[in-house]
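As structure tokens, the structure follows; a few thoughts come after it.
Position 1 is the first residue of the sequence, and the numbers go up from there.
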Amino acid sequence: VKILNHYKDNGIWHLEGLKAPEVSMIGLPEESLFLQQQQVNLNLAAFQGMDEAVVLQRAKNLLVIPKSLTVSKQGTVLKLSGKPSPSWYLDASKRNSLPDGISQLDLEGIILDQQEVSVFLKQVLAPPRDVKLQTGENGITYSGTASIDWINSLQSLVAQFESKQVINISALQSFEQNRLNELLQELGEKYIDFEKGSNIKPESEKVLLQTAMTLSEIERLAAILEKDYEVIVAGYTDEAGTNELNQTLRKARAEVAIEKLGLYGVNQNRFVLAPVEELSSRDYRQAGFTTRMLEKISTENPVNSRSNPDR
């Protein structure tokens with residue numbers, strides 16, 4: 001260590017100067033013959049006036065730079081080019097602390113081998129049985145079905161290679177999404193029958209319970225997939241009666257269906273009444289549901305709740 005300047009200010013000694021690359025500054029010992037630790041401020045600027053070759057060699061050693069890479073230094077920027085291993089590239093791209101005299105790593109010249117990246121991905125995050133990984137001219141492609149947690153983990157891993165390798169995961173489907181699609185389809189196959197007026201037929205009570213269970217499962221899966229949705233409830237009438245009377249009856253049937261499902265624990269905040277004036281008459285009396293996803297997907301599955309028009 002070479003002291004170039006020293007001065008005292010407000011009772012504190014300030015030391016300024018240079019240090020060699022291999023020197024680590026740890027301050028004064030806790031017990032000193034002449035000075036207390038809090039009375040000295042060490043301000044030793046590293047590498048001012050030091051040999052550039054020393055800085056470069058120290059950087060190579062600390063970063064464990066492979067011999068296959070070409071290394072150069074422009075100012076305080078270390079430029080690297082060549083084909084390192086995927087693991088070395090990730091370590092270098094995420095490195096927060098750099099050797100003294102280096103302020104930035106320039107990795108633009110780094111090229112990653114597709115096959116090596118493919119092997120690395122398999123080792124870090126082994127694909128489930130139903131997932132296939134293929135390499136080709138279009139890059140690395142994942143396809144198949146896995147849990148949403150595994151897909152999210154893969155997405156985070158793949159993002160780290162975004163500028164160096166084409167990795168396509170758009171063909172992946174989650175078990176949770178597939179199950180949600182099945183439930184939406186299942187919901188569309190259920191129906192609720194009404195007597196005259198807004199009385200639900202006894203045989204439809206079982207359908208109501210099944211519908212409530214389906215909607216509760218949709219609620220759970222939507223939360224896992226971080227998707228919002230609403231259930232549009234529409235009551236329908238046959239052609240008997242005036243339009244004004246039928247609009248009132250349509251609303252009443254929709255509200256009865258919502259109330260009944262609420263008794264089974266369905267989240268009633270999801271329900272939205274369909275505008276009765278936009279609904280047309282049908283050949284059967286019913287209450288119907290349309291599930292509309294509000295994020296990422298938009299799927300509409302009406303529940304055709306039919307009954308015979310026994311006027």
Any side-chain heavy atom of Ser81 within less than 4.5 Å of one from Leu69? no

Shortest non-hydrogen pair, Asn178 vs Gln173, comes out as OD1-OE1, 3.4 Å

Is it true that Val233 and Met213 fall in one hydrophobic cluster, defined by side-chain heavy atoms closer than 4.5 Å? yes

Do Leu184 and Ile148 land in one hydrophobic cluster if side-chain heavy atoms of ILVMFWY residues count as linked below 4.5 Å? yes

Full working for side-chain contact (heavy atoms from CB on, under 4.5 Å) between Leu180 and Ile224: CA-CA 11 Å; Leu180 178 60; Ile224 293 174; over 6 Å; no

For Arg220, the salt bridge (charged side-chain N to carboxylate O under 4.0 Å, His left out) test, sequence neighbours excluded, returns Glu217

Does the side chain of Glu195 reach to within under 4.5 Å of the side chain of Pro202, using non-hydrogen atoms? yes

So do Ile169 and Val158 actually touch side chain to side chain, heavy atoms under 4.5 Å? yes

Could you tell me which non-hydrogen atom of Ala92 sits nearest to which non-hydrogen atom of Leu105, and how far apart they are? O-CD1, 3.8 Å

Closest non-hydrogen contact found for Gly235 with Ala254 is N-CB, 3.8 Å

Any ion pair linking Glu205 and Lys260 (charged N to carboxylate O, less than 4.0 Å)? yes

Heavy-atom count check: over 12 atoms from other residues, nucleotides or ligands less than 6.0 Å from Glu244 CD? no

Taking Thr242 for its side chain and Leu245 for its backbone only, find out whether a donor-acceptor pair lies under 3.5 Å. yes

Would you check if there is a donor-acceptor pair between the side chains of Lys164 and Gln114 at a distance under 3.5 Å? no

By salt bridge (charged side-chain N to carboxylate O under 4.0 Å, His left out), Lys122 pairs with (sequence neighbours left out) none

Could you tell me if the side chain of Pro84 sits less than 4.5 Å from the side chain of Ile110, heavy atoms only? yes

Evaluate Ile151 against Tyr142 for side-chain contact (heavy atoms from CB on, under 4.5 Å), listing each step before the verdict. CA-CA 10 Å; Ile151 292 175; Tyr142 281 88; over 6 Å; no

d(Ser118 OG, Gln123 CD) to nearest 0.5 Å is 10.0 Å

Pairs touching residues 171-181 that satisfy salt bridge (Lys or Arg N to Asp or Glu O under 4.0 Å), sequence neighbours left out: Arg179-Glu182

Could you go through Phe194 and Asn199, starting from their C-alpha distance and side-chain angles, then the distance that decides it, and tell me whether this counts as side-chain contact (heavy atoms from CB on, under 4.5 Å)? CA-CA 6 Å; Phe194 278 83; Asn199 297 320; 5.8 Å; no

Gln57 and Asn61: side chain donor to acceptor below 3.5 Å: yes

Are Leu98 and Leu80 joined in one hydrophobic group, where the rule is that I, L, V, M, F, W and Y side chains link up if heavy atoms are under 4.5 Å apart? yes

Do the side chain of Trp150 and the main chain of Ser174 share a donor and acceptor less than 3.5 angstrom apart? no

Can Thr214 and Glu186 be counted as having a side-chain donor-acceptor contact under 3.5 angstrom? yes

Go through Leu261 and Leu208 one step at a time and tell me if the side-chain contact (heavy atoms from CB on, under 4.5 Å) criterion holds. CA-CA 7 Å; Leu261 288 170; Leu208 270 172; 3.9 Å; yes

Would Leu107 and Val77 show up in the same hydrophobic cluster when neighbours are defined by side-chain heavy atoms closer than 4.5 Å? no

Mind checking the OH-OG spacing from Tyr89 to Ser163? Nearest 0.5 Å is all I need. 3.5 Å

From Ile140 CD1 over to Phe120 CZ, what is the distance, rounded to the nearest 0.5 angstrom? 11.5 Å

How far does OG of Ser97 sit from CG of Leu62, to the nearest 0.5 angstrom? 9.0 Å

Could you list the residues that satisfy side-chain hydrogen bond (donor to acceptor under 3.5 Å, both in side chains) with Thr76, not counting sequence neighbours? Ser103

Without placing hydrogens or testing angles, list every side-chain donor-acceptor pair under 3.5 Å for residues 264-273, not counting sequence neighbours.
| unit_1 | atom_1 | unit_2 | atom_2 | d |
| --- | --- | --- | --- | --- |
| Asn267 | OD1 | Asn269 | N | 3.0 |
| Asn267 | ND2 | Glu219 | OE2 | 3.3 |
| Gln268 | NE2 | Ile258 | O | 2.9 |
| Arg270 | NE | Glu219 | OE1 | 2.9 |
| Arg270 | NH1 | Asp228 | OD1 | 2.4 |
| Arg270 | NH1 | Tyr229 | O | 3.1 |

Minimum side-chain heavy-atom gap Ser87-Val124 below 4.5 Å: no

Minimum side-chain heavy-atom gap Leu121-Phe161 below 4.5 Å: yes

I need the minimum non-hydrogen distance between Gln165 and Leu112, along with the two atoms involved. NE2-O, 3.2 Å

Please determine whether side-chain hydrogen bond (donor to acceptor under 3.5 Å, both in side chains) holds for the pair Asn181 and Gln185, giving the CA-CA distance in whole Å, both sets of side-chain angles, and the decisive distance to 0.1 Å. CA-CA 6 Å; Asn181 292 339; Gln185 181 65 33; over 6 Å; no

Kindly write out the residues that satisfy side-chain hydrogen bond (donor to acceptor under 3.5 Å, both in side chains) with Asp106, not counting sequence neighbours, or none if the list is empty. Lys79

Ignoring hydrogens and angles, tell me if any N or O in the side chain of Ser204 forms a donor-acceptor pair with the backbone of Ile200 under 3.5 Å. no

Heavy atoms from other residues, nucleotides or ligands near CD of Glu259 exceed 12 (cutoff 6.0 Å): no

Nearest-0.5 Å distance that lies between atom CD1 in Ile102 and atom CG in Leu56: 7.0 Å

Are side-chain heavy atoms of Leu154 and Leu172 found at a separation under 4.5 Å? yes

Do Asn168 and Ser170 pair up side chain to side chain, a donor and an acceptor below 3.5 Å, judged on atom types alone? yes

Would you say Leu63 and Leu78 make side-chain contact, with heavy atoms under 4.5 Å? yes

So, Lys73 side chain and Gly75 main chain: donor-acceptor pair closer than 3.5 Å or not? yes

Minimal non-hydrogen separation, Ile65 against Ala59, with atom names: CD1-O, 4.2 Å

